[in-house]
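Structure, as structure tokens:
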Amino acid sequence: MLARWFLGKVLITHIDGHITSGIITETEAYAGISDRASHAWRGRRSTRTAPMYMAGGVAYVYLIYGMYSLFNIVTGPPGIPHAVLVRAIRPLEGIDIMHQRRKRTGEKGLSDGPGKLTMAMGISCADSGTPLFGKRIWIEDRGIVPDAADIMSGPRIGVDYAGEDALLPYRFICKPGSMVQ
DNA sequence: TATAAGATTTACT
DNA sequence: GTAAATCTTATAT
């Protein structure tokens with residue numbers, strides 16, 4: 001499962017002149033048209049989901065509930081809408097910037113949710129389709145590889161409506177403290 | 001053309 | 001624990 005590979009990788013953004021980065025600690029896989037929980041289920045396609053049909057390596061950001069952005073990494077070949085949703089990161093650099101961006105909660109809930117992390121990183125729906133190896137948003141492999149024993153998997157969150165597909169263990173979490181810098 | 005629901009978060013009871 | 005905020009897409013007139 002490709003979603004597992006992203007655990008431990010470092011996501012970096014350079015937006016509005018600010019650099020922020022964090023270790024990816026929680027991901028969810030969305031397996032194309034056969035996955036009922038995916039926006040691309042049954043081949044659904046629109047302007048919003050277009051990046052998912054592009055070649056892997058681009059960002060798929062989209063707005064949910066009119067107020068929150070969710071950040072995905074497209075992993076499939078062109079025409080196959082496979083994507084990995086980044087649900088949580090651990091702040092690494094630019095933590096003060098993140099605080100500045102979200103004055104809501106304190107240290108605790110900085111980036112432990114899909115909508116929260118995009119807020120903290122400064123990602124918006126305008127970044128959908130951005131290559132992940134450019135100079136605005138990119139991913140670095142800093143050699144952080146979580147031990148297999150520290151990786152937990154389980155059912156996805158917030159997709160109960162998807163029926164049986166919601167029970168698939170497509171969710172991967174890195175145990176806190178399992179990654180040493 | 002109009003209505004309903006969603007890969008969420010926050011605030012209030 | 002429950003409800004509201006708010007916009008895009010999908011499904012129904």
Side-chain angles (χ1 to χ4, degrees), chain A residues 1-7 9 11 13 15 20 22 24-54 56-76 79-91 95 97-130 132 137 139 151-174:
Chain A
M1 185 60 59
L2 210 49
R4 240 184 77 158
W5 182 85
F6 285 107
L7 289 179
K9 296 295 177 292
L11 176 68
T13 64
I15 294 175
T20 53
I24 297 175
T25 57
E26 187 173 342
T27 62
E28 281 182 17
Y30 284 85
I33 60 175
S34 62
D35 188 349
R36 240 183 109 183
S38 170
H39 285 156
W41 174 62
R42 235 173 54 180
R44 298 194 307 208
R45 182 172 191 159
S46 63
T47 307
R48 189 181 65 161
T49 62
M52 268 208 289
Y53 288 84
M54 296 164 59
V58 302
Y60 166 45
V61 184
Y62 90 99
L63 206 60
I64 188 65
Y65 299 136
M67 25 175 71
Y68 296 106
S69 301
L70 274 73
F71 178 72
N72 300 252
I73 300 166
V74 179
T75 61
I80 309 295
H82 282 207
V84 174
L85 166 68
V86 179
R87 285 195 70 86
I89 63 167
R90 172 185 303 193
I95 295 181
I97 301 297
M98 299 184 189
H99 275 286
Q100 197 174 322
R101 282 186 177 135
R102 19 187 357 268
K103 299 173 179 176
R104 292 283 173 200
T105 57
E107 187 90 17
K108 198 176 179 182
L110 239 188
S111 57
D112 59 345
K116 292 180 181 179
L117 84 84
T118 55
M119 226 178 290
M121 303 288 287
I123 298 172
S124 71
C125 52
D127 296 307
S128 197
T130 303
L132 287 173
I137 302 174
I139 288 179
I151 297 178
M152 300 181 295
S153 63
R156 287 173 294 186
I157 302 289
V159 290
D160 296 337
Y161 65 90
E164 293 182 353
D165 286 335
L167 301 177
L168 295 172
Y170 282 177
R171 181 162 170 254
F172 297 93
I173 313 161
C174 227

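Labels below follow one simple rule: chain letters A, B, ... track the order of the sequence lines, proteins then strands, and each chain is numbered from 1.
For A:Y68, there are no side-chain hydrogen bond (donor to acceptor under 3.5 Å, both in side chains) partners at least two apart in sequence or on another chain. A:T118 is linked by a side-chain hydrogen bond (donor to acceptor under 3.5 Å, both in side chains) to nothing, counting only residues two or more places apart in sequence or in another chain. Not counting sequence neighbours, A:T27 has no partner by the side-chain hydrogen bond (donor to acceptor under 3.5 Å, both in side chains) test. By the ring pair (Phe, Tyr, Trp, His ring centres under 6.0 Å) test, A:Y60 pairs with A:Y62, sequence neighbours left out.
At whole-Å resolution of the value, NZ in A:K116 and C1' in B:dT8 are 10 Å apart. Atom CE in A:M52 sits about 17 Å away from atom P in C:dT8, given to the nearest Å. A straight line from CZ of A:R171 to C1' of B:dT8 spans 14 Å, rounded to a whole angstrom. With rounding to whole Å, A:W41 atom CH2 is found 16 Å from B:dA5 atom P. Whole-Å rounding puts the A:Y62 OH to C:dT9 C1' distance at 11 Å. One interatomic measurement links the two molecules: CZ of A:R101 to P of B:dT9, which rounds to 17 Å at whole-angstrom precision. One atom, CZ of A:F71, and another, C1' of B:dT8, lie 17 Å apart when rounded to the nearest Å. What separates CD1 of A:I64 from P of C:dA10 is a distance of 12 Å, to the nearest Å.
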### Evaluation steps, side chain to side chain contact (heavy atoms under 4.5 Å, CB included), between A:L70 and A:L85
CA-CA 8 Å; A:L70 274 73; A:L85 166 68; 4.0 Å; yes
### Message
For A:T25 and A:I173: C-alpha separation, side-chain torsions, deciding distance, then whether side chain to side chain contact (heavy atoms under 4.5 Å, CB included) applies.
### Response
CA-CA 6 Å; A:T25 57; A:I173 313 161; 5.9 Å; no
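Judged by distance alone, the side chain of A:T13 and the main-chain N or O of A:M121 form a donor-acceptor pair under 3.5 Å. Formation of a donor-acceptor pair under 3.5 Å by the A:S111 side chain with backbone atoms of A:I89 is found in this model.
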Pairs under 3.5 Å (N/O, protein and nucleotides 3-6 of chain C):
residue : atom : partner : partner atom : Å
C:dT6   : O2   : A:Y65   : O            : 2.7

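Counting only heavy atoms from C-beta outward, the side chains of A:F71 and A:D127 never approach each other to under 4.5 Å.
Secondary structure note: stems in DNA chain C built from 3 or more consecutive Watson-Crick or G-U wobble pairs under 3.5 Å occupy B:1-6 with C:7-12, B:8-12 with C:1-5.
Here B:dT8 is the nucleotide among C:dC7, B:dT8, B:dT10 with the atom lying nearest to any side-chain atom of A:P114.
Looking at heavy-atom distances under 4.0 Å, A:Y60 makes contact with a base.
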